[in-house]
Amino acid sequence: DDISARNGRFRFVCYGLGDAGEEEYYALLQSKGWERLEDYSGDVAMEKRFRNGKSRYKAAISNYSREGKLTAFRVEYENLDAAVWPAAKLPPDIVPPQNCWLDREVDMDVYEEAGGTVRFTCHGMGEKGIAAYFRLLEGKGWKKPDIQADQERERIFTWKGKKYRGSVSLSSHENNLAAFRASYEPED
């Protein structure tokens, strides 16, 4: 069965693992490039992004349940190639970073002539990638709104015969995940 185009999940069970064995398993995954994530309650999940041929995936492994000596883990995987830049729905002046590996679907509140907001997250993007993105925007006519705004660019552009004021800003950057917000509204 070809799973390359789908998302999915499965479970596997280990016998006699216990807390120490579970931590040993997580340490093994970390040594293989998996990232350890803990939530506020202390639950652990391991996550890794990888390529399989030309397809890009994100996988997560977490403890699903424990009963007696049985520990069940859940593995979930997501084909990240399914997340694509929605160019046909956006003004052509709003562009993604050149090397953006979209972490998930682009979140859009687009109201055609009334404007809109787009939120997107790029995986594997460090400080240099963020700086390159803002240079790319500047090369397309975007400017800093003021001297202090290193992480934001603005521009007035025309789309579908109407003028808009647009802005692109960095919302957050942590663990090589860069989240951006782009918005545009009619220019009076």
Side-chain angles (χ1 to χ4, degrees), residues 1-87 89 95-109 117-136 150-151 168-182:
D1 198 20
D2 178 21
I3 62 167
S4 62
R6 296 194 312 251
N7 301 332
R9 70 177 75 154
F10 61 90
R11 293 186 187 109
F12 64 93
V13 177
C14 298
Y15 180 79
L17 202 57
D19 288 338
E22 188 174 328
E23 282 303 317
E24 192 175 312
Y25 177 59
Y26 291 147
L28 172 67
L29 290 173
Q30 277 185 292
S31 74
K32 306 277 186 200
W34 289 72
E35 181 181 358
R36 182 184 181 109
L37 308 171
E38 289 189 47
D39 70 11
Y40 63 91
S41 68
D43 289 341
V44 176
M46 302 298 290
E47 185 176 280
K48 184 172 184 174
R49 287 165 172 78
F50 60 93
R51 289 188 180 275
N52 182 7
K54 291 185 178 184
S55 295
R56 299 169 302 161
Y57 289 89
K58 175 172 73 172
I61 298 175
S62 59
N63 179 326
Y64 180 69
S65 68
R66 184 178 293 158
E67 264 187 56
K69 293 188 176 197
L70 297 177
T71 303
F73 290 92
R74 177 175 43 215
V75 178
E76 296 180 72
Y77 57 92
E78 177 181 357
N79 184 333
L80 296 175
D81 290 330
V84 295
W85 186 254
K89 296 178 181 178
V95 296
Q98 288 181 326
N99 293 318
C100 178
W101 178 346
L102 289 172
D103 190 54
R104 58 187 56 87
E105 292 293 321
V106 175
D107 181 26
M108 299 189 327
D109 297 316
T117 302
V118 180
R119 288 167 291 284
F120 60 98
T121 303
C122 296
H123 174 71
M125 196 167 203
E127 296 292 331
K128 289 180 182 177
I130 293 167
Y133 179 45
F134 285 119
R135 283 193 305 275
L136 170 77
D150 284 337
Q151 309 292 322
V168 177
S169 60
L170 177 70
S171 302
S172 66
H173 180 240
E174 187 177 339
N175 297 329
N176 280 333
L177 282 173
F180 295 93
R181 180 183 186 275

Would you indicate whether Glu24, at its atom CD, is surrounded by more than 12 heavy atoms from other residues, nucleotides or ligands within a distance under 6.0 Å? no
In short, His173 meets Met125 closest at the heavy-atom pair NE2-O, 2.8 Å
Give me the atom names and distance for the closest heavy-atom approach of Leu136 to Pro96. CD2-O, 3.8 Å
Any side-chain heavy atom of Val118 within less than 4.5 Å of one from Lys89? no
One should read off an interatomic distance between Leu29 CG and Glu47 CD, to the nearest 0.5 angstrom, of 12.5 Å
Does a donor on one side chain sit under 3.5 Å from an acceptor on the other, for Glu22 and Tyr26? yes
Restricting to non-hydrogen atoms, name the atom on Leu70 and the atom on Tyr15 that form the minimum distance, rounded to 0.1 Å. CD2-CD1, 3.6 Å
Is there a side-chain contact between Val168 and Tyr133 in this structure, where contact means two heavy atoms from C-beta onward sitting under 4.5 Å apart? yes
Report yes if some heavy atom in the side chain of Arg36 is under 4.5 Å from a heavy atom in the side chain of Met46; otherwise report no. yes
If you measure from CD1 on Ile130 to CD on Gln151, what distance do you get to the nearest 0.5 Å? 6.5 Å
Spacing of CZ belonging to Arg74 relative to CG belonging to Asn63, to within rounding of 0.5 Å: 9.5 Å
Closest heavy-atom pair, Leu170 versus Ala178, reported as atoms and distance to 0.1 Å, is CD1-CB, 4.1 Å
For residues Tyr25 and Thr71, determine if any side-chain heavy atom of one lies less than 4.5 Å from a side-chain heavy atom of the other. no
Say you draw a straight line from CZ of Arg181 to CG of Asp107; how long is it, rounded to the nearest 0.5 Å? 10.5 Å
Which of parallel (below 30°), tilted (30 to 60°) and perpendicular (above 60°) describes Phe120 and Phe180? parallel
Can you tell if the side chain of Ser171 reaches within under 4.5 Å of the side chain of Arg119, non-hydrogen atoms only? no
Identify the two heavy atoms, one from Val106 and one from Pro86, that lie closest to each other, and give their separation to 0.1 Å. CG2-CD, 3.8 Å
